[in-house]
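These notes are about the structure you will find just below.
FYI, side chains are in, hydrogens and waters are out, and symmetry mates aren't considered; it's all heavy atoms of this structure.
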Amino acid sequence: MKIGILTSGGDAPGMNAAIRAVVKSANYNGIEVLGIKYGYKGLIEEDIIKLNNLDIDGIAEKGGTILKTARCLEFMDEGGRKKALETLKKFEIDSVVVVGGDGSFQGAKELSKLGIKVIALPGTIDNDLAYTDYCIGFDTTLNTVLECIGKIRDTDSSHEKTTIVEVMGRYCGDLALYSALAGGGEIISTPERKLDFNTICNKLSKNISKGKNDNVIIITERMYDIEELQKYIEKRLKISIRNTVLGFIQRGGNPSAFDRVLASKMGVKAVELLMKGFAGRAVGIKDNKIIDVDFSKVNSKNTDKQKEYDLLKLLL
Ligand code: ADP
Ligand code: F6P
C-alpha cells in the first residue's frame with residue numbers, strides 16, 4: 001500500500017496535525033506516504049513530494065497546511081479527474097487521504113468512483129458537515145472569534161456602543177451560534193435562523209430600553225450587506241453603531257489543543273481503516289467517539305442544532 005495525502009479547499013487550523021498523524025502512523029506500520037500539493041490541483045499537475053517523519057517534525061502546532069491548498073476547477077471535470085488518476089498510477093498511489101470541507105468531500109467521492117481507496121477527514125472552519133459533531137479547525141476559529149469579540153467588547157462597553165460582527169461559515173451558522181453560546185453576542189442571525197432587519201432592531205431596542213447599551217450582534221457572512229444593516233439600525237433607532245467583518249484572521253493561527261488532538265485521532269483512524277481494507281469512508285466525531293461513515297451517508301446539510309438554539313433562548 002502507498003498512501004497519498006492532500007489538503008483541499010479553505011485551509012483550517014489542525015490540517016498539519018492531521019498530516020503528521022497520517023505520516024507517523026503509516027510510517028510506524030511500514031507504509032510510505034506521499035504528499036500531494038495544492039489539493040486536487042497537485043494530482044493533476046503531478047506535484048507530489050515524499051513525506052517522512054522529519055518532514056512533519058514540529059508541524060502539529062502550526063496553522064495553515066504545509067501541503068498548501070487550492071480550489072481546483074479542473075478536477076470538477078471528467079478530463080481533470082482522468083489526469084489525476086494517471087498521476088496516481090504513475091506514482092503507484094493506491095490510497096488517498098483527503099482533508100477538506102464539503103466541496104473536497106465531493107471530490108473525494110469522485111476519486112473513489114475511479115477505484116482509488118479514499119478516506120476523507122473533515123477539515124473546515126465552517127463545521128458544515130452534518131455527519132460529524134466537529135470538523136478540524138472549527139474549535140480554533142471559534143476561539144479566535146471569541147478573542148476578537150472580547151476586544152470589541154472592551155471598546156464597546158467603554159463607549160456604550162453596539163457592533164455588528166460578521167463571522168465566516170459560508171452557509172453554516174455554527175461559528176455564530178457557538179460564539180453566542182459562549183457569551184460572545186446578545187443578538188445572532190444565522191442562515192439556519194435568519195432574522196430580518198426589523199426583528200434585529202426590535203431586539204436591540206429592547207436591550208437598550210433595559211439599560212444594556214453595548215451589544216454585539218453576530219451575523220454569518222453572505223446573509224446581508226453589513227453596512228446596509230448598520231444604516232438601517234442607525235436610522236430606525238437614531239443611534240450610531242459600528243460594524244466589523246472579522247475576515248481571514250479567522251482562518252489563521254496555531255490550532256487549539258482540541259483541534260490538534262482531534263486531527264491526530266482522525267489521522268490515525270484513516271490509516272487504520274485503510275490497513276483494514278476499508279475505503280470510501282469519512283472519519284468524524286460523534287458524542288465524543290471517533291466514527292467513520294460511508295461516503296453515501298455524508299451530506300452537506302447543516303446539522304440540526306435545535307438543542308443549541310433552545311439553549312440560546314435562555315442565554316441571550
Ligand atoms: P471546501 O472543501 O473547503 O468545501 P470547496 O468547496 O472550494 O472547498 O472545494 C474544494 C475543491 O474540491 C474544489 O476546488 C474542487 O477541486 C473539489 N470539488 C468540489 N466539488 C467537487 C465535485 N462535485 N466534483 C469534483 N471535485 C469537486
Ligand atoms: O470554507 C472556509 C471559508 O473560510 C468560508 O468560511 C469562507 O466563506 C470561504 O472559505 C472563503 O473562501 P476563499 O478563501 O475562497 O475566499
Quick check on salt bridge (Lys or Arg N to Asp or Glu O under 4.0 Å): which of Glu46, Glu74, Glu45 does Lys83 satisfy it with?
Glu74
Steps toward side chain to side chain contact (heavy atoms under 4.5 Å, CB included) verdict (Ile233, Ile217)
CA-CA 11 Å; Ile233 295 172; Ile217 303 169; 3.9 Å; yes
Are Tyr178 and Leu146 side-chain neighbours, meaning at least one heavy-atom pair lies under 4.5 Å?
no
Whether the side chain of Glu186 engages the backbone of Val216 through a donor-acceptor N/O pair (distance < 3.5 Å, no angle test) should be reported.
yes
Check for a donor-acceptor pair, side chain of Thr69 on one end and backbone N or O of Gly39 on the other, with a separation under 3.5 Å.
no
Would you mind reporting whether Leu175 and Asn127 have side-chain heavy atoms less than 4.5 Å apart?
no
Walk me through it: do Lys313 and Asp310 pass the test salt bridge (Lys or Arg N to Asp or Glu O under 4.0 Å)?
CA-CA 5 Å; Lys313 283 186 205 147; Asp310 284 345; 3.2 Å; yes
For Thr140, does its backbone N or O pair with a side-chain atom of Asp259 as donor and acceptor, under 3.5 Å?
yes
Counting only N and O atoms by type, is there a donor-acceptor contact under 3.5 Å from the side chain of Thr163 to the main-chain atoms of Val165?
no
Same apolar cluster (I L V M F W Y, side chains within < 4.5 Å links), Ile149/Ile219
no
Please report the closest heavy-atom contact between Thr220 and Ala176, naming both atoms and the distance.
OG1-CB, 3.7 Å
Residue pair Met1 / Ile3: nearest heavy atoms and the distance that separates them
SD-CG1, 3.9 Å
Just checking, is any N or O donor in the side chain of Asp139 or Ser256 under 3.5 Å from an acceptor N or O on the other one?
yes
Any side-chain donor paired with an acceptor under 3.5 Å for Asp196 and Thr199?
yes
Any heavy-atom pair between the side chains of Val271 and Tyr28 that's under 4.5 Å?
no
Is a side-chain N or O of Arg81 found less than 3.5 angstrom from the main chain of Met76, in a donor-acceptor match?
yes
Look up atom CG in Leu51 and atom CD1 in Ile49, then write down how far apart they are to the nearest 0.5 Å.
4.5 Å
Lys/Arg-Asp/Glu bridge criterion (N-O < 4.0 Å) met for Lys82, Glu78:
no
Donor-acceptor contact below 3.5 Å, side chain Asp94 vs main chain Lys2:
yes
Decide, yes or no, whether a salt bridge links Asp156 with Arg153 under the criterion of side-chain N to carboxylate O below 4.0 Å.
no
Give a yes or no on whether a salt bridge exists between Lys231 and Glu228, defined as a side-chain N under 4.0 angstrom from a carboxylate O.
no
Donor-acceptor pair, distance only, cut-off 3.5 Å: does the side chain of Asp77 make one with the backbone of Gly79?
no
In terms of side-chain geometry, is the basic nitrogen of Glu32 or Lys50 positioned less than 4.0 Å from the acidic oxygen of its partner?
yes
Ser179 side chain near Leu142 side chain, heavy-atom distance below 4.5 Å
yes
Out of curiosity, Phe91 CZ to Ile48 CD1, how far, rounded to the nearest 0.5 Å?
5.0 Å
Does atom CG of Leu316 have more than 12 heavy-atom neighbours, drawn from other residues, nucleotides or ligands, at distances under 6.0 Å?
yes
Closest non-hydrogen atoms of Gly14 and Ala263, given as atom of the first, atom of the second and distance, are O-CB, 3.3 Å
Side chains of Gln230 and Asn243: donor-acceptor distance under 3.5 Å anywhere?
yes
Would you call Ile208 and Asn215 a side-chain contact if the rule is heavy atoms closer than 4.5 Å?
yes
Roughly how far, to the nearest 0.5 Å, is OH of Tyr38 from CG of Leu6?
13.5 Å
Within 6.0 Å of CG in Asn288, more than 12 heavy atoms from elsewhere
no
Spacing of CG belonging to Leu273 relative to CE belonging to Met266, to within rounding of 0.5 Å
11.5 Å
Starting at NZ of Lys41, measure out to CG of Asp47 and round the result to the nearest 0.5 Å.
7.5 Å
Mind listing the closest non-hydrogen atom pair of Asn16 and Lys62 along with its distance?
ND2-O, 3.1 Å
Ignoring hydrogens and geometry, is there a side-chain-to-backbone donor-acceptor pair from Asp55 to Asn52 under 3.5 Å?
yes
Quick one: are Asp11 and Arg251 in side-chain contact, heavy atoms under 4.5 Å?
yes
Are Tyr224 and Ser189 close enough, and set up right, to give a side chain to side chain contact (heavy atoms under 4.5 Å, CB included), and what steps lead you there?
CA-CA 10 Å; Tyr224 328 100; Ser189 183; 2.4 Å; yes
Drop me the distance from Asp174's CG to Ile125's CD1, to the nearest 0.5 angstrom.
11.5 Å
Within 6.0 angstrom of Lys203 NZ, more than 12 heavy atoms from elsewhere:
no
Is the closest side-chain heavy-atom distance between Asp292 and Phe278 below 4.5 Å?
no
Treating Thr87 as the side-chain partner and Leu43 as the backbone partner, does any N or O pair qualify as donor plus acceptor under 3.5 Å?
yes
Chi angles and distances behind the side chain to side chain contact (heavy atoms under 4.5 Å, CB included) call for Arg193, Leu177:
CA-CA 10 Å; Arg193 302 286 189 281; Leu177 168 63; over 6 Å; no
Polar contact flag, side-chain donor to acceptor under 3.5 angstrom, Arg170-Thr124
no
Ionic contact status for Glu192 with Lys305, cut-off 4.0 Å
no
Could you report the tightest heavy-atom contact between Ser157 and Asp214, atom names first, then the distance?
CB-OD2, 3.5 Å
Name the orientation class of the two ring planes belonging to Phe295 and Phe105 (parallel below 30°, tilted from 30 to 60°, perpendicular beyond 60°).
tilted
How about Lys68: does its NZ atom have over 12 heavy atoms from other parts shown lying under 6.0 Å from it?
no
Within a reach of under 6.0 Å around NZ of Lys89, are more than 12 heavy atoms found that belong to other residues, nucleotides or ligands?
no
Flag if over 12 foreign heavy atoms under 6.0 Å of CD, Gln306
yes
Do Leu246 and Ile241 belong to the same hydrophobic cluster, where Ile, Leu, Val, Met, Phe, Trp and Tyr are linked whenever their side-chain heavy atoms lie under 4.5 Å apart, directly or via other members?
no
Do Glu86 and Lys90 meet the salt-bridge criterion of a basic N to acidic O distance under 4.0 Å?
no
On a heavy-atom basis, which atom in Val98 and which in Ala108 lie closest, and how many Å separate them?
CG2-CB, 4.1 Å
Full working for side chain to side chain contact (heavy atoms under 4.5 Å, CB included) between Ile5 and Val99
CA-CA 8 Å; Ile5 179 165; Val99 191; 4.3 Å; yes
Checking side chain to side chain donor-acceptor pair (under 3.5 Å) for the pair Lys161/Ser240: CA distance, chi angles, key distance, verdict?
CA-CA 8 Å; Lys161 285 261 184 191; Ser240 133; 2.4 Å; yes
Report yes or no: does Tyr40 contribute a side-chain atom to a donor-acceptor pair with the main-chain N or O of Ala70 at less than 3.5 Å?
no
Counting only heavy atoms not in Lys286, do more than 12 fall under 6.0 Å of its NZ?
yes
Can you confirm whether Leu114 sits close enough to Leu88 that some side-chain heavy atom of one is under 4.5 Å from a side-chain heavy atom of the other?
no
